Amino acid sequence: MTTSVDQYNSGADGKKPVPSPEEYALKKHVDFFDRNNDGIIYPWETYQGFRAIGAGIALSAFAAVFINAGLSAKTRLGKGFSISLPIETANIKFAKHGSDSDVYDSEGRFVPSKFEAIFVKHARTSPDFLTSAELQELLKANREPKDYIGWVAAWVEWKVLYLLAKDRTGVLRKEAVRGVYDGSLFDRLEREKASGKKKAACRV
Ligand code: HEM
Ligand SMILES: [Ca+2]
């Protein structure tokens, strides 16, 4: 009898593959922005996703251009540049950059020990959150020499996260950071914004 990996990785009906929570963490991170669930994120979807979680018009427009222009070709595997800047979510692992926290491995899976390491190393005020200054230290510590693109990408990711997800006391809570890695934070922020709980997360 032959057994395939697919057999072990099947759902109750024996057909649908069931990804483990860790397996496609990076895909989940970006799926929120695929507003019509067709596997492709166009700039207008990045814009709408940012608006939905409380970002202002300027930041959302900047993100739509910066993210889609930066990542589109990397996810199109040999198809090259397209003027409509589509990001193919199935290939999002190819959009990884350097100078990050390594919490996503090369396959886009969530690595719990690297996540914990962020807080062991940098959460000095309290193990439950990062202050703005501690975040700055994390960014500096993650920098690989001369990886300027990675420095900018990581800076934007973490600063935008801080801007949108800091709590009332101005700190970035561990659970918020955990939620960014599987995208659940984005769903929460969208719900909060829709219910009027969170008014202006950011005016930019
Ligand atoms: C408000 C929206 C977003 C925030 C706050 C955010 C924040 C982050 C953070 C904090 C990381 C982890 C970096 C690290 O581990 O050091 C990350 C990783 C990543 N994000 Fe986002 N992100 C957002 C939207 C997006 C969008 C729209 C895309 C693409 C469609 C995207 C693509 C990625 C990729 C590819 C990585 C992996 C980087 C790597 O491991 O090298 N993100 N993001
Ligand atoms: Ca889409």
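We count ligands from 1, going down the list as the structure has it; atoms in each ligand are counted the same way. Computed from a predicted model, the values in this text were never measured in an experiment.
Within ligand 1, counting atoms from 1 as listed, the ones closer than 4.0 Å to a heavy atom of I87 are 30 (C). Heavy-atom contacts of I41 reach the following atoms of ligand 1: 30 (C) (cutoff under 4.0 Å). Numbered from 1 in the order shown, with element, the atoms of ligand 1 that lie under 4.0 Å from a heavy atom of L164 read 1 (C). Counting atoms of ligand 1 from 1 in the listed order, those under 4.0 Å from a heavy atom of F186 are 1 (C), 2 (C), 3 (C), 4 (C), 23 (C). Every atom of ligand 1 with a heavy atom of Y104 under 4.0 Å away is listed here by number and element: 18 (C), 37 (C), 40 (O). Listed by atom number, the atoms of ligand 1 under 4.0 Å from F50 heavy atoms are 1 (C), 2 (C). When each atom of ligand 1 is checked for a heavy atom of L161 under 4.0 Å away, the hits are 5 (C), 10 (C).
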- Task: List the steps and the verdict of salt bridge (charged side-chain N to carboxylate O under 4.0 Å, His left out) for R35 and E190.
- Result: CA-CA 12 Å; R35 306 302 281 174; E190 181 176 39; 2.8 Å; yes
- Trace of the side-chain contact (heavy atoms from CB on, under 4.5 Å) decision for R109 with K93: CA-CA 9 Å; R109 290 172 297 218; K93 67 178 179 182; over 6 Å; no
- Task: Take K74 and E88, measure what salt bridge (charged side-chain N to carboxylate O under 4.0 Å, His left out) needs, and give me the verdict at the end.
- Result: CA-CA 9 Å; K74 292 183 186 175; E88 297 188 9; over 6 Å; no
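Any N or O atom pair closer than 3.5 Å counts here, and H97 shares at least one such pair with ligand 1. Between S101 and ligand 1, at least one pair of N/O atoms sits closer than 3.5 Å. The shortest N/O to N/O separation between W158 and ligand 1 falls below 3.5 Å. Checked against a 3.5 angstrom limit, the closest N/O atoms of K96 and ligand 1 fall inside it.
The nearest N, O or S atom of I40 is closer to the Ca ion (ligand 2) than 3.0 Å. Among the atoms of N37, no N, O or S atom falls under 3.0 Å of the Ca ion (ligand 2).
You'll find the ring centres of F129 and F119 outside the 6.0 Å limit.
With a 4.0 Å heavy-atom cut-off, ligand 1 is reached by the side chain of L26 but not by its N, CA, C or O. Of all the heavy atoms of L71, the ones lying under 4.0 Å from any atom of ligand 1 belong exclusively to the side chain. Here I53 has side-chain heavy atoms under 4.0 Å from ligand 1, and that is the only part of it that gets that close.
The number of heavy-atom neighbours closer than 6.0 Å to NZ of K114, taken from other residues, nucleotides and ligands shown, is 12 or below. More than 12 non-hydrogen atoms from other residues, nucleotides or ligands lie less than 6.0 angstrom from CH2 of W151. Within a 6.0 Å sphere centred on CD1 of I149, other residues, nucleotides and ligands contribute 12 heavy atoms or fewer.
Atoms OD1 of D34 and OD1 of D38, as seen from the Ca ion (ligand 2), are separated by an angle of 80°, to the nearest 10°. With the Ca ion (ligand 2) at the apex, E45 OE1 and N36 OD1 define an angle of roughly 120° (rounded to 10 degrees).
A 4.5 Å side-chain heavy-atom check between V177 and F115 finds at least one atom pair inside the cut-off. Contact of the I87 side chain with the Y42 side chain is not registered, since no non-hydrogen atoms from C-beta on lie closer than 4.5 Å.
Taking atom 39 (C) of ligand 1 as the reference point, the nearest protein heavy-atom neighbour is D100 OD2, 3.0 Å.
In this structure, L85 belongs to a hydrophobic cluster whose other members, linked by side-chain heavy atoms under 4.5 Å apart, are F81, I83.
Remark: distances from the non-hydrogen atoms of L138 to ligand 1 are all 4.0 Å or more. Residue F32 places no heavy atom under 4.0 Å from ligand 1.
No side-chain donor-acceptor contact under 3.5 Å links E192 to the backbone of L189. Judged purely by atom type and a 3.5 angstrom limit, K121 has no side-chain atom pairing as donor or acceptor with the backbone of E116. With hydrogens and angles disregarded, no donor-acceptor distance shorter than 3.5 Å links the side chain of D182 to the backbone of H29.
The side chain to side chain contact (heavy atoms under 4.5 Å, CB included) with V160 is formed by just one residue from the set F62, W155, F50; it is F50.
By the criterion of a separation under 2.8 Å, the protein N/O/S atoms near atom 21 (Fe) of ligand 1 amount to H29 NE2.
Looking only at atom types and distance, the side chain of S99 has no donor-acceptor partner in the side chain of N142 under 3.5 Å away. Side-chain atoms of T89 and D34 include no donor-acceptor pair closer than 3.5 Å. Side-chain N/O atoms of Q136 and H122 include no donor and acceptor closer than 3.5 Å.
Which of Y47, F33, Y181 comes nearest to atom 24 (C) of ligand 1 through a heavy atom is settled by distance: it is F33.
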